[in-house]
There are 2 protein chains.
Amino acid sequence: MDLKKLKTLDFTEEAEILKIIGHPTRLKIICGIIEQDLCVSDIGDCLDEPQPKISQHLALLRAKGIVRAEREGLNIKYKVVHPLAIKIAKILEKEKLKD
Amino acid sequence: MDLKKLKTLDFTEEAEILKIIGHPTRLKIICGIIEQDLCVSDIGDCLDEPQPKISQHLALLRAKGIVRAEREGLNIKYKVVHPLAIKIAKILEKEKLKD
DNA sequence: TCCGTATATTCAAATATTTTAATATTGCTA
DNA sequence: TAGCAATATTAAAATATTTGAATATACGGA
């Protein structure tokens, strides 16, 4: 891409998504729910983190439109909905499963 | 991926890369130099940011192994070398060129 | 070797993020 | 409707990042 074109582009939104995803706990949450929806307590089990902390991270992800919550009886299940986040999670999952 | 497998994985390094890239200036730098190597002053022109700021961001990117510097006469040219960063920059470039 | 151009470093102030702990809310079921 | 299980919110303290301004270094050419 030439410099003139680049000059007109703005990467603010994409950067924000990357920054939010770029946290070990949140990234693991996202990779965890990319294939299957999970509820908060499952995620907590998986990460060995206290429930409120998981909820806080999920709240951030929700606020940025990266995940969506859906009540299912007693639990609330989360799924990834942001296209860029989905792409990145899939790339990472693939890399991780190589080993 | 099942929960047991997920539990054994660590996403710390990937998260760090994403976080570093997840800054508007740095992301634009990376997308700018994905196809062509650029020197600091070209990057500065393109972003309308003071030179020391650009250098600071480049230093961070260098420290994390995301870009590499190469002197070329009077200038120093930068290129992206981190595989994950390259993948993401290419995804974003493609998206941006759609519009 | 002195000068100018290009780039890098440093440090302090402002700002943002993360963590922790306590507590609140929601909805099911007895 | 009381109690329990699941999830969410809040606020303060600790920590990390970002910015801005000043200054330093490195290299090539006269």
Side-chain angles (χ1 to χ4, degrees), chain A residues 3 10-30 32-33 36-80 85, chain B residues 3 10-30 32-33 36-80 85:
Chain A
L3 282 186
D10 179 53
F11 287 87
T12 311
E13 281 182 37
E14 290 84 356
E16 179 145 48
I17 297 299
L18 292 172
K19 185 169 78 176
I20 296 286
I21 290 180
H23 179 287
T25 303
R26 291 195 291 266
L27 188 55
K28 196 160 180 182
I29 290 175
I30 289 175
I33 62 180
Q36 63 200 309
D37 302 356
L38 288 180
C39 66
V40 179
S41 52
D42 285 343
I43 297 171
D45 278 357
C46 196
L47 299 182
D48 279 324
E49 299 269 17
Q51 174 271 318
K53 207 166 157 185
I54 302 291
S55 277
Q56 281 174 326
H57 286 304
L58 287 170
L60 234 188
L61 292 168
R62 239 185 306 136
K64 301 296 176 186
I66 296 172
V67 304
R68 186 166 298 155
E70 224 159 89
R71 180 168 285 276
E72 196 163 297
L74 208 51
N75 300 321
I76 296 186
K77 291 207 159 183
Y78 277 86
K79 58 159 46 122
V80 191
Chain B
L3 282 186
D10 179 54
F11 288 87
T12 311
E13 281 183 36
E14 290 85 356
E16 179 146 50
I17 298 299
L18 292 172
K19 185 169 76 176
I20 297 287
I21 291 180
H23 179 288
T25 303
R26 291 194 293 266
L27 188 56
K28 196 160 181 181
I29 289 176
I30 290 175
I33 63 180
Q36 61 199 312
D37 302 357
L38 289 180
C39 68
V40 180
S41 52
D42 285 345
I43 297 172
D45 278 358
C46 195
L47 299 183
D48 279 324
E49 299 269 16
Q51 175 271 318
K53 207 166 155 183
I54 302 291
S55 277
Q56 279 174 329
H57 286 303
L58 286 170
L60 235 187
L61 291 168
R62 239 185 305 133
K64 302 295 176 185
I66 296 172
V67 303
R68 187 166 298 155
E70 225 159 87
R71 180 169 286 275
E72 197 162 297
L74 208 49
N75 300 321
I76 296 186
K77 291 209 161 181
Y78 277 87
K79 59 157 46 120
V80 190

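Order of the sequence lines fixes the chain letters, A, B, ..., with proteins taken first and strands second; residue numbering starts at 1 for each chain.
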If I take atom [atom1] in residue [X] and atom [atom2] in nucleotide [N], what distance separates them, rounded to the nearest angstrom?
X       : N      : atom1 : atom2 : result
B:Asp42 : C:dT7  : CG    : C1'   : 13 Å
A:Glu72 : C:dC28 : CD    : P     : 12 Å
B:Leu47 : D:dT18 : CG    : P     : 15 Å
A:Ile76 : D:dA5  : CD1   : C1'   : 12 Å
B:Ile43 : C:dA6  : CD1   : P     : 14 Å
B:Arg62 : C:dT7  : CZ    : P     : 12 Å
B:Leu58 : D:dT18 : CG    : P     : 14 Å
B:Leu61 : C:dT9  : CG    : P     : 13 Å

Q. Quick one: side-chain hydrogen bond (donor to acceptor under 3.5 Å, both in side chains) partners of B:Asp48, sequence neighbours excluded?
A. none

Q. Quick one: side-chain hydrogen bond (donor to acceptor under 3.5 Å, both in side chains) partners of B:Gln56, sequence neighbours excluded?
A. none

Q. What pairs of residues pass the salt bridge (Lys or Arg N to Asp or Glu O under 4.0 Å) test when at least one of them lies in residues 49-61 of chain A, not counting sequence neighbours?
A. A:Glu49-A:Lys53

Compare side-chain N and O positions of [X] against OP1 and OP2 of [N] and report whether any pair is under 4.0 Å apart.
X       : N      : result
A:Tyr78 : D:dA6  : no
B:Ser41 : C:dT7  : yes
B:Asn75 : C:dT5  : no
B:His57 : D:dT18 : no

Q: For nucleotides 20-30 of chain D, just jot down a letter per nucleotide in 5' to 3' order: B, S or -, based on protein non-hydrogen atoms under 4.0 Å.
A: BBB----BS--

Q) Which of the following nucleotides, C:dA8, D:dA8, D:dT18, is nearest to the side chain of B:Val40? A) C:dA8

Q. With sequence neighbours excluded, what pairs up with B:Gln51 under the side-chain contact (heavy atoms from CB on, under 4.5 Å) test?
A. B:Val40, B:Ser55

Q: Apply side-chain contact (heavy atoms from CB on, under 4.5 Å) to B:Leu60 and list each qualifying residue two or more places apart in sequence or on a separate chain.
A: B:Ile20, B:Arg26, B:Lys64

Q.
For DNA chain C, which residues of residues 15-23 of chain B approach it to below 4.0 angstrom with any heavy atom?
A. none

Q: Please tell me if the side chains of B:Leu58 and B:Ile76 come closer than 4.5 Å, counting only heavy atoms from C-beta onward.
A: no

Q. Which pairs pass side-chain hydrogen bond (donor to acceptor under 3.5 Å, both in side chains) with one or both residues in residues 66-80 of chain A, sequence neighbours excluded?
A. A:Arg62-A:Tyr78

Q. Distance from A:Leu27 atom CG to B:Thr12 atom OG1, nearest 0.5 Å?
A. 9.0 Å

Q | Contacts of A:Glu13 that satisfy salt bridge (Lys or Arg N to Asp or Glu O under 4.0 Å) - sequence neighbours left out | A | none

